[in-house]
Amino acid sequence: MMIKHSGVKVLYSVSIVRYAALLSLLLLVGTAFAQKPKTPSVRLSLGQARTLVKNRKFDDAEKLIAPLLKDSANRQNKRLWDAMYDIVHGKYLQANERLYLKQKQDTAAFFALAKRMVTVAETLDSLAPEHRRSHAEEQNTYRVNLFNGGIFHVRKSQWKEGFDYFETYIDCARQPLFGAYRYDSLVLSGTGGGSYLDPRMPQAAYWATYCGYMLRDPVLTLRHRELALGDTAKADFTLQFIAEARLWLKDDELYVQTLQEGFRRYPLSRYFFPRLFDAYTSRGLHDRALAIADSALAVNDSSQLFLFAKSTTLLQMGRYAESIKTGDRLIMLNDSLPEPYFNVGTAYINIADRLDAKKEHKLVKQAYQKAKPYMERYRAMMPDEKSKWGPALYRIYLNLNMGRQFDEIDRLLRK
């Protein structure tokens, strides 16, 4: 098509169809550019953030950097993490200054900054290990506040928060950032013992174990158990927490193993002995139950708990004379305990049952006569335990021909 314009011939060769297609394409491109969100320039945001950090306006600086780090494209950007480290470090120093000057400062927020600062430092170290020495020296100084933060939350019964702080403290030992400090390394002494280069490590592990126990979470309770046992001042409690965690997991074998270790190390503990004793007797392992009772009595031969356990085991094993001897000793030490009377009375009745009533009638009667005062004493002390003393006294009065007493017991049992 030829178009005249100012006397000049112009050849216009673009068809209407091609023109429409070109126009549509341009509109699409324009729309795409119009819809694309404006993302802040990393370089520009970094420059602004650095200026804000110099002016101690750390919150404003964080508002610039934090959104950038949420973008997966920036997660490996060393400069952004370096800026974030300076921001969190600055906020920590500000909070520390306010605490020092006794100005208003949220203590929990202060400890949260200490924890966050270590996390940022470890992330930055994985991207820029060239700064490891300076950052490690700096964070090693502040690291104690991870421990203090854990104690702070424990005192407030905030067990999950406390656990997280202690675990972060412990985890520093495996982080390359702190590799030079070897926090969990043992230094052996000339006596064969040793201590950790960081003496707080086993303490932190103990408190982490305690938090896990208070959360009734067996996995968290057991996570740092070996390190926690290094806190020898509280190892008996640690073993208790471990035992309870094994019980929650229904791991009977490891539960008993933990009780055995606890009893071996702390035979006078009122936790390990009774549970281990019950574990053996419930499985019919009376020889083992008697062995630990004797082991305990070797440490304290006048323990009423140990004596009662031994008398009960001997009774179950049919060693009645020994059971009576042990029970009488216990009664001599404390005549206000009812169960020893029942044990001794029962032992005498069982002796009578073993005898031939026709050939050894006299011995049978003597056995019931000896059982009588013990069982009557038990009845007086435990009147509601009719199911225990009722059948026993029924047999005693029957075999001793005590008609009036027998009739009374017979009426009681019939009711």
Side-chain angles (χ1 to χ4, degrees), residues 273-294 296-297 300-415:
F273 175 80
R275 286 165 177 78
L276 183 58
F277 182 84
D278 285 347
Y280 285 150
T281 54
S282 65
R283 292 164 173 78
L285 303 173
H286 300 302
D287 288 337
R288 291 191 180 185
L290 182 61
I292 67 163
D294 284 333
L297 285 166
N300 182 359
D301 63 359
S302 60
S303 166
Q304 296 171 30
L305 173 63
F306 301 157
L307 286 169
F308 176 69
K310 182 173 182 178
S311 75
T312 302
T313 304
L314 290 167
L315 181 64
Q316 292 170 333
M317 296 175 74
R319 293 163 62 171
Y320 302 128
E322 294 172 82
S323 178
I324 290 167
K325 181 180 179 181
T326 306
D328 280 338
R329 181 155 185 267
L330 179 53
I331 291 170
M332 182 181 67
L333 289 171
N334 186 351
D335 61 3
S336 65
L337 297 173
E339 292 304 324
Y341 291 98
F342 181 80
N343 277 4
V344 175
T346 301
Y348 276 120
I349 292 173
N350 289 348
I351 288 174
D353 284 344
R354 280 185 173 180
L355 299 171
D356 189 321
K358 293 182 178 180
K359 295 181 180 179
E360 301 172 291
H361 177 72
K362 185 176 180 181
L363 291 176
V364 170
K365 186 174 181 180
Q366 288 177 353
Y368 280 117
Q369 285 174 334
K370 290 179 179 179
K372 176 177 173 289
Y374 289 100
M375 206 56 71
E376 288 178 336
R377 176 66 172 155
Y378 180 73
R379 176 187 179 181
M381 298 175 76
M382 303 291 288
D384 294 334
E385 294 293 329
K386 185 172 68 172
S387 62
K388 293 178 70 174
W389 52 256
L393 287 175
Y394 181 94
R395 293 173 63 186
I396 290 171
Y397 294 149
L398 176 65
N399 284 278
L400 294 178
N401 296 316
M402 300 176 68
R404 181 174 58 82
Q405 291 88 339
F406 175 81
D407 289 341
E408 182 218 0
I409 291 295
D410 185 52
R411 285 194 299 273
L412 284 171
L413 292 180
R414 287 178 185 278
K415 288 181 180 178

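Scope of the values below: all heavy atoms of this structure, side chains included, with no hydrogens, waters or symmetry mates. Along the sequence shown, the residues carry numbers beginning at 1.
Residue pairs that meet the ring pair (Phe, Tyr, Trp, His ring centres under 6.0 Å) test with at least one member in residues 375-395, sequence neighbours left out, are Phe342-Tyr378, Tyr394-Phe406.
Within 6.0 Å of NZ in Lys386 there are more than 12 heavy atoms belonging to other residues, nucleotides or ligands. Other residues, nucleotides and ligands contribute more than 12 heavy atoms inside 6.0 Å of the NZ atom of Lys388.
The shortest heavy-atom contact between Ser336 and Met381 is O-CE, 3.1 Å. Looking at every heavy atom in both residues, Tyr280 comes nearest to Ile292 through CE1-CG2, 3.9 Å. Residues Pro391 and Ser387 share a closest heavy-atom pair of CD-O, 3.4 Å. Residue Pro373 comes nearest to Lys370 through the heavy atom pair CD-O, 3.4 Å, listed as atom of the first residue, atom of the second, then distance. The two atoms that bring Leu297 and Ser303 nearest to each other are CD2-O, 4.3 Å, heavy atoms only. Considering all non-hydrogen atoms of both residues, Ala371 and Gly345 come closest at CB-O, 3.5 Å.
Rounding to the nearest 0.5 Å places CG of Asp278 at 10.5 Å from CZ of Arg283. Taking CD1 of Ile324 as the reference point, atom OH of Tyr320 lies at 10.0 Å (rounded to 0.5 Å). To the nearest 0.5 angstrom, Asp410 atom CG is 13.0 Å from Leu393 atom CG. Separating the CD atom in Gln405 from the CD atom in Glu408 is a distance of 8.0 Å, to the nearest 0.5 Å. Atoms CG and CD, from Asn343 and Gln316 in turn, are 8.5 Å apart once rounded to the nearest 0.5 Å. Here the CG-CZ distance, from Asp353 to Arg395, works out to 4.0 Å after rounding to the nearest 0.5 Å.
For the pair Leu400/Lys365, a side-chain contact is recorded, criterion being any heavy-atom separation below 4.5 Å from C-beta on. Using a 4.5 Å heavy-atom threshold, the side chains of Phe277 and Thr313 count as touching. Ile349 has its side chain within reach of Met375: a pair of non-hydrogen atoms, C-beta onward, lies under 4.5 Å apart.
Arg377 meets the side-chain hydrogen bond (donor to acceptor under 3.5 Å, both in side chains) test with no other residue; sequence neighbours excluded. Every side chain to side chain contact (heavy atoms under 4.5 Å, CB included) that Asp301 has, sequence neighbours left out, goes to Arg329.
Side-chain N or O atoms of Tyr374 include none that pairs as donor or acceptor with a backbone N or O of Thr346 at under 3.5 Å. Under the 3.5 Å distance criterion, the side-chain polar atoms of Ser311 are left unmatched by any main-chain donor or acceptor of Ser323.
Between the side chains of Asp328 and Thr326, no donor-acceptor pair is found at a separation under 3.5 Å.
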Original post:
Where do Leu337 and Phe308 land on the side-chain contact (heavy atoms from CB on, under 4.5 Å) test, with the steps shown first?
Top reply: CA-CA 10 Å; Leu337 297 173; Phe308 176 69; over 6 Å; no
Original post:
Run the side-chain contact (heavy atoms from CB on, under 4.5 Å) check on Leu330 and Val344 step by step: do they pass?
Top reply: CA-CA 10 Å; Leu330 179 53; Val344 175; over 6 Å; no
**OP:** Determine, stepwise, if the pair Leu314 / Lys325 fulfils side-chain contact (heavy atoms from CB on, under 4.5 Å).
**Re:** CA-CA 10 Å; Leu314 290 167; Lys325 181 180 179 181; over 6 Å; no
**OP:** Show your working on side-chain contact (heavy atoms from CB on, under 4.5 Å) between Met402 and Lys372 and close with a plain yes or no.
**Re:** CA-CA 11 Å; Met402 300 176 68; Lys372 176 177 173 289; 3.3 Å; yes
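Residues Glu322 and Arg319 are paired through a salt bridge, judged by an N-O separation under 4.0 Å between the basic side chain and the carboxylate. Salt bridge status for Glu360 with Arg354: absent, with no side-chain N to carboxylate O gap under 4.0 Å.
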